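Single-structure report; data block below.
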Amino acid sequence: MEKQGNSRRGFIKQNALLGLATAAGIPQVVQASNLMNAKKKPALLGGAAVIQHNWPSWPIWKPETDEQRLLEVMRSGVWSRKKVVDEFEQKWAATIGAKRCLAVVNGTNALNASLAQLEIGWGDEVIVTPYTFIASASSILFNGAIPVFVDVDPETFQMDPTKIEEKITSRTRAIMVVHILGLPSDMKRIMQIAKKHDLIIVEDACQAWLAEIDHKKLGTFGHAGCFSFQNSKNMPMGEGGAIVSDDDEFMDRCYSYHNYGNPFGTTAGAVSSGTVMIGTKLRITEYQAAIGLVQLERLEIQTERRNKRAALLKSIIEDVPGIQPYRLYDDVTRAAYHLFAFRYDKGQFEDLPRERFIEALRAEGIPASSGYKPLNKMPYLENAFQSKYFKKFYTSQELNYERYAANNQCPLNDKLCNEAVWLSQNVLLGTEKDMMAIADAIAHIHAHAEELK
Ligand SMILES: *Cc1c(COP(=O)(O)O)cnc(C)c1O
């Protein structure tokens with residue numbers, strides 16, 4: 001029965017693919033290839049892997065075009081922040097469509113500094129998603145505020161905007177909106193809620209370079225937008241980050257904060273400049289900015305390519321039973337696709353565990369992983385609540401961890417964390433044929449799920 005169902009499906013699929021291939025203008029060679037041959041053995045069972053080549057390596061570095069700028073900086077001996085960092089900031093602001101940009105050492109500190117300079121701290125609550133990288137939540141605790149978790153919409157992988165208002169209290173100061181996976185959150189609804197309740201919006205766009213809603217770039221909707229340029233990110237410079245905003249006063253303060261608290265515009269080497277506020281040091285170097293300028297030149301083309309490949313891959317795999325790719329909100333004009341994610345329902349795969357499914361994908365030459373664990377359930381929260389500092393500013397009732405944990409349950413996120421499968425962004429820099437091969441592999445695994453267990 002099962003086998004029959006599969007081969008019928010395979011047949012329908014094959015025809016659907018041919019139709020798609022024609023519509024998308026996919027080369028004849030791809031159309032003619034033996035796609036969705038469900039009889040092929042998965043690589044984990046001894047078949048040939050569908051991907052026999054290496055994926056584009058990351059980060060990309062081409063000596064011919066990329067090294068001149070870096071060498072100029074190195075040979076000049078001017079390594080601490082100066083003209084090249086200024087140029088990078090101007091270009092990043094222009095690229096994102098923000099009035100101002102400040103480059104900082106990493107995305108984590110972009111978030112920390114933004115919250116600090118928006119004066120979010122002790123006694124405040126900040127709403128955040130549990131489906132994200134640790135820095136989104138730790139930046140809230142770092143400033144002495146309490147993260148309040150709002151459950152996700154599993155279809156979009158983002159914070160569910162319909163569940164925000166029930167979490168707002170008299171202490172809520174801000175919403176940390178994380179555009180996780182590089183997919184835009186539902187900013188229109190979130191901005192309406194923020195306006196109604198007079199809340200600050202900080203966008204964690206650390207995975208969302210060049211992503212857009214109605215052609216407006218993410219990071220420009222809230223009071224501040226934060227980016228990461230860490231090595232694995234779509235815009236890599238080793239380590240690096242940025243804050244963007246249209247608010248001059250806020251950006252002047254961020255500048256001071258990132259430069260010992262010295263006045264806005266003071267440069268490296270300026271001593272006794274009349275320190276105006278409490279600051280720290282978050283400056284990036286000239287050579288990091290030189291690397292960033294080079295990477296920025298290819299970001300647009302890569303983003304375009306990731307969007308095309310993701311749309312193609314999504315359209316082919318979403319018909320496989322048990323595979324549910326992310327859904328984009330209607331007003332999204334572009335995503336960044338730091339990750340290509342789908343939910344895996346093992347019930348449709350003869351109860352083949354997700355880890356085994358991922359193992360089977362890897363055997364096919366497809367880099368896959370299972371992604372985040374629930375961020376609302378990790379020990380750092382209780383650890384912060386038990387710290388001397390939190391005890392100085394909060395009552396024992398407020399730091400009752402059992403009560404906090406009970407109020408911050410996110411059952412849909414728990415489920416999502418058990419179902420998600422990620423493909424890394426460099427996979428989306430592959431060819432159309434590669435996307436077909438990934439779909440092929442998933443179909444093979446589906447057809448042989450019982451044997452793979
Ligand atoms: C990478 C990342 C950060 C932190 O950026 P770093 O540059 O690594 O400090 C914050 N939030 C999200 C969602 C990220 O993916």
Side-chain angles (χ1 to χ4, degrees), residues 78-122 124 126 135 139-140 142-145 173-177 191 194 198-206 209 216-229 235 237 239-286 288-289 292-293 296:
V78 181
W79 296 350
S80 202
R81 97 156 270 169
K82 216 163 177 150
K83 282 195 321 240
V84 187
V85 175
D86 287 347
E87 184 184 337
F88 178 79
E89 288 174 343
Q90 279 155 20
K91 286 211 168 126
W92 190 252
T95 302
I96 297 302
K99 188 170 173 192
R100 300 265 296 266
C101 167
L102 178 75
V104 292
V105 288
N106 51 47
T108 303
N109 276 284
L111 294 169
N112 288 349
S114 294
L115 292 179
Q117 294 318 311
L118 290 162
E119 294 193 283
I120 292 162
W122 303 109
D124 295 333
V126 179
S139 62
I140 298 166
F142 184 81
N143 282 287
R173 282 285 313 287
I175 306 175
M176 163 84 67
V177 183
M191 291 312 291
D198 195 21
L199 301 177
I200 292 167
I201 297 285
V202 174
E203 288 179 79
D204 180 344
C206 286
W209 326 258
K216 183 175 162 65
K217 297 268 188 321
L218 299 186
T220 63
F221 286 84
H223 291 77
C226 298
F227 293 90
S228 168
F229 308 129
M235 178 43 224
M237 58 167 80
E239 298 289 350
I243 303 167
V244 301
S245 178
D246 290 346
D247 180 341
D248 282 317
E249 204 223 317
F250 166 73
M251 289 305 290
D252 287 356
R253 268 187 290 122
C254 285
Y255 186 99
S256 293
Y257 183 74
H258 108 301
N259 192 33
Y260 315 104
N262 290 341
F264 168 70
T266 41
T267 52
V271 288
S272 299
S273 58
T275 305
V276 291
M277 56 179 263
I278 304 166
T280 182
K281 193 183 190 186
L282 304 172
R283 303 187 315 215
I284 66 165
T285 60
E286 291 281 276
Q288 285 170 292
L293 284 167
L296 183 50

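This structure is a prediction, so every number in the text was calculated from the model and none was measured.
- With rounding to the nearest 0.5 Å, the separation of CG in Asp246 from CG in Asp248 is 8.5 Å.
- Taking all atoms of both residues into account, the shortest heavy-atom contact from Ala135 to Thr108 is CB-OG1, 3.6 Å.
- When all heavy atoms of Asn262 and Ser256 are compared, the pair lying nearest together is O-OG, 2.8 Å.
- A donor-acceptor contact shorter than 3.5 Å is absent between the side chain of Glu203 and the backbone of Gly225.
- Side-chain contact between Phe227 and Ile96: present, with at least one pair of heavy atoms (C-beta onward) separated by less than 4.5 Å.
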### Task
Test Val177 against Phe221 for side chain to side chain contact (heavy atoms under 4.5 Å, CB included), laying out the working first.
CA-CA 10 Å; Val177 183; Phe221 286 84; over 6 Å; no
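- Between the CE atom in Met235 and the CZ atom in Phe229 there is a gap of 5.0 Å [rounded to 0.5 Å].
- Although no hydrogens or angles enter the test, the distance criterion places no donor-acceptor pair under 3.5 Å between the side chain of Asn143 and the main chain of Ala145.
- Around the CH2 atom of Trp122, the shell of radius 6.0 Å holds more than 12 heavy atoms that belong to other residues, nucleotides or ligands.
- Minimum heavy-atom separation, Ala110 to Ala242: CB-O, 3.6 Å.
- Here the OH atom belonging to Tyr257 is positioned 6.5 Å from the CG atom belonging to Asn112, to the nearest 0.5 angstrom.
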### Task
In sequence, state the C-alpha distance, the side-chain angles, and the governing distance for Leu111 and Phe142, and then conclude on side chain to side chain contact (heavy atoms under 4.5 Å, CB included).
CA-CA 10 Å; Leu111 294 169; Phe142 184 81; over 6 Å; no
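- Side-chain atoms of Trp92 and Leu296, non-hydrogen and from C-beta on, do get closer than 4.5 Å to each other.
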Taking only distance into account, with no hydrogens and no angle test, what donor-acceptor pairs under 3.5 Å do side-chain atoms of residues 82-89 form with protein atoms, sequence neighbours excluded?
unit_1, atom_1, unit_2, atom_2, d
Asp86, OD1, Arg81, NH2, 2.8
Glu87, OE1, Arg69, NH2, 2.7
Glu87, OE2, Arg69, NH1, 3.3
Glu87, OE2, Lys91, NZ, 2.9
Glu89, OE1, Arg81, NH2, 2.8
Glu89, OE2, Arg81, NH1, 2.8
Glu89, OE2, Arg81, NH2, 3.3
Glu89, OE2, Ala103, N, 2.8

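- Judged by distance alone, the side chain of Thr285 and the main-chain N or O of Ser80 form no donor-acceptor pair under 3.5 Å.
- The minimum heavy-atom distance linking Ile284 with Gly240 is given by the pair CG2-CA, 4.5 Å.
- With hydrogens and angles disregarded, a donor-acceptor distance shorter than 3.5 Å links the side chain of Asn106 to the backbone of Asn109.
- Once rounded to the nearest 0.5 Å, the distance linking CG of Leu282 with CD1 of Ile243 reads 7.5 Å.
- Of the candidates Arg100, Gln117, Glu249, Cys254 forms a side-chain contact (heavy atoms from CB on, under 4.5 Å) with just one, namely Gln117.
- Among all heavy-atom pairs drawn from Ala174 and Ile120, the shortest one is CB-CD1, 3.6 Å.
- Of the possible polar contacts, one joining the Trp209 side chain to the Ser228 backbone as a donor-acceptor pair under 3.5 Å is found.
- Note that CE of Met176 is 8.0 Å distant from OG of Ser114, once rounded to the nearest 0.5 Å.
- Residues satisfying the side-chain hydrogen bond (donor to acceptor under 3.5 Å, both in side chains) test with Glu239, not counting sequence neighbours, are none.
- In this structure a side-chain-to-backbone donor-acceptor pair under 3.5 Å is present from His223 to Ile201.
- Contact detail for Ala224 and Ser245: the closest heavy-atom pair is CA-CB, 4.5 Å.
- In this structure, OH in Tyr255 is found 7.5 Å from CZ in Arg283, a value given to the nearest 0.5 Å.
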